[in-house]
Peer 1: 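If you scroll down you'll find the structure; I have some questions about it.
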Amino acid sequence: MEQNGGKFFNPARIAAIAMFSALAGILYIFNFPMPFAFPGFLEFKFSDIPVLIGSFALGPVSGAIIVVVQILIKLVFTGTSTAFVGELSDLLTCCAFSVTAGLIYSKKRTFKGALIAIASGMAAEVAVALLANRFILVPFFVKQYGWSAIIGMMLKLFPECTEQNFYNYYLWVSVLPFNLLRCIVAALVTLPVYKRISVILNKFNDKITPKDDGDGKKAKRVNLAVILTFAGLVALLITFALLRYFVF
């Protein structure tokens, strides 16, 4: 669809973005810790899979939109426990992975290109995750709960962890392999299926894209209606997310 989908924001593309966003949002809500391998506050999410597939099939801009909408869905249904700091970190890391991968793959749409794209996206996510945890997440949690609470969650895995060596254990032995694992899982699912999904999306695009009535007015009207509907839904998600945090 990225290659032959006509105008960027056509009905088929927006429908596909909505579908991937809904799936990613559901998977983003149902995350789980892996206390046997990582600190409990690092929760594994399968939402990277539809985000990466969407970015490959629809392009990097669509991938970024999917990331934003999935976070809004999560905020509406479960709220935030970190004053949006955790969600900001997820936004940065997910975009680093999917947008980087989608951008590179859009230039070289081959299996080799996909491998290069995923490897580049993986490097980008790990770098952003390390920076976000070092300068955003950890300082926020330390300010909220203090060093003792943060280190206490590390001691089960790393009994020698202290305030002085915390970042050595947390960044290089936890954050780095954790984000590599997330990317690898997403890649292992995406690589076998993204071509088939792209074919399905292109067929879907051919079926629902309105035919021009000579001067293209009908297609423009339909495109505008779909864009406004999608924008309205995103605005509602933002409104409910803010209301849930500030009012409820």
Side-chain angles (χ1 to χ4, degrees), residues 1-5 8-10 12-28 31 42-74 86-133 136-137 171 175-202 204-205:
M1 186 179 292
E2 183 69 18
Q3 289 177 307
N4 55 12
F8 185 85
F9 286 114
N10 57 45
R13 182 181 298 277
I14 293 178
I17 290 173
M19 177 189 69
F20 282 118
S21 298
L23 179 58
I26 293 170
L27 293 175
Y28 186 54
N31 51 59
L42 290 178
E43 296 184 325
F44 193 87
K45 306 174 182 68
F46 286 107
S47 55
D48 293 328
I49 296 170
V51 172
L52 183 59
I53 294 174
S55 192
F56 268 27
L58 303 170
V61 175
S62 300
I65 295 172
I66 295 168
V67 172
V68 172
V69 176
Q70 73 158 4
I71 291 175
L72 290 175
I73 292 173
K74 182 263 183 185
E87 288 74 26
L88 173 61
S89 177
D90 286 338
L91 173 67
L92 295 175
T93 54
C94 288
C95 280
F97 180 41
S98 59
V99 173
T100 301
L103 181 63
I104 293 174
Y105 181 68
S106 68
K107 306 298 182 184
K108 191 174 181 63
R109 302 180 70 85
T110 63
F111 185 75
K112 181 179 179 181
L115 293 177
I116 295 172
I118 288 174
S120 302
M122 192 179 302
E125 172 167 336
V126 169
V128 171
L130 291 171
L131 292 172
N133 276 274
I136 299 176
L137 277 179
L171 294 180
V175 173
L176 190 151
F178 176 80
N179 281 275
L180 283 177
L181 178 62
R182 281 180 56 180
C183 294
I184 290 171
V185 169
L188 289 176
V189 177
T190 299
L191 286 173
V193 303
Y194 74 93
K195 279 290 188 182
R196 296 176 186 176
I197 292 176
S198 293
V199 171
I200 294 172
L201 290 175
N202 282 327
F204 179 65
N205 175 62

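Since the model is a prediction, treat every value here as computed from it, not as a measurement.
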Peer 1: How long is the gap from CG on Leu131 to CG on Leu171, to the nearest 0.5 Å?
Peer 2: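 The CG atom of Leu131 sits 9.0 Å away from the CG atom of Leu171.
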Peer 1: To the nearest 0.5 Å, what is the distance between CG on Leu88 and CD1 on Ile71?
Peer 2: 8.5 Å
Peer 1: Mind checking side-chain hydrogen bond (donor to acceptor under 3.5 Å, both in side chains) for Asn179 and listing every partner two or more places apart, or none if nothing turns up?
Peer 2: none
Peer 1: Taking all non-hydrogen atoms of both residues into account, name the closest pair between Ser21 and Ile17 and its distance.
Peer 2: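 Scanning both residues completely, I find the closest heavy atoms to be OG-O, 2.7 Å.
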Peer 1: Determine the minimum heavy-atom distance between Ala124 and Ala96, stating which atoms define it.
Peer 2: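 Heavy atoms only, the tightest pair is CB-O, 3.5 Å.
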Peer 1: What's the separation between atom CD1 in Ile104 and atom OG1 in Thr100, rounded to the nearest 0.5 Å?
Peer 2: 6.5 Å
Peer 1: Between atom CD1 of Ile197 and atom CG of Leu58, what is the distance when rounded to the nearest 0.5 Å?
Peer 2: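 Ile197 CD1 to Leu58 CG: 10.0 Å, rounded to 0.5 Å.
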Peer 1: Once salt bridge (Lys or Arg N to Asp or Glu O under 4.0 Å) is applied, what residue pairs with a partner in residues 45-61 remain, sequence neighbours excluded?
Peer 2: Lys45-Asp90, Asp48-Arg182
Peer 1: Which heavy atom in Ile73 sits nearest to a heavy atom in Ala22, and how many Å separate them?
Peer 2: CD1-CA, 4.0 Å
Peer 1: Going from CG on Leu23 to OG on Ser47, what distance comes out if it is rounded to the nearest 0.5 angstrom?
Peer 2: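 Here the rounded value is 9.0 Å.
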Peer 1: For the atom pair CG (Leu188) and CD1 (Ile49), what is the distance rounded to the nearest 0.5 Å?
Peer 2: 9.0 Å
Peer 1: Can you tell me which residue pairs pass the ring pair (Phe, Tyr, Trp, His ring centres under 6.0 Å) test with a partner in residues 100-126, sequence neighbours excluded?
Peer 2: Phe56-Tyr105, Tyr105-Tyr194
Peer 1: Is the backbone N or O of Ser98 less than 3.5 Å from a side-chain atom of Ser55, with the two atoms forming a donor-acceptor pair by type?
Peer 2: yes
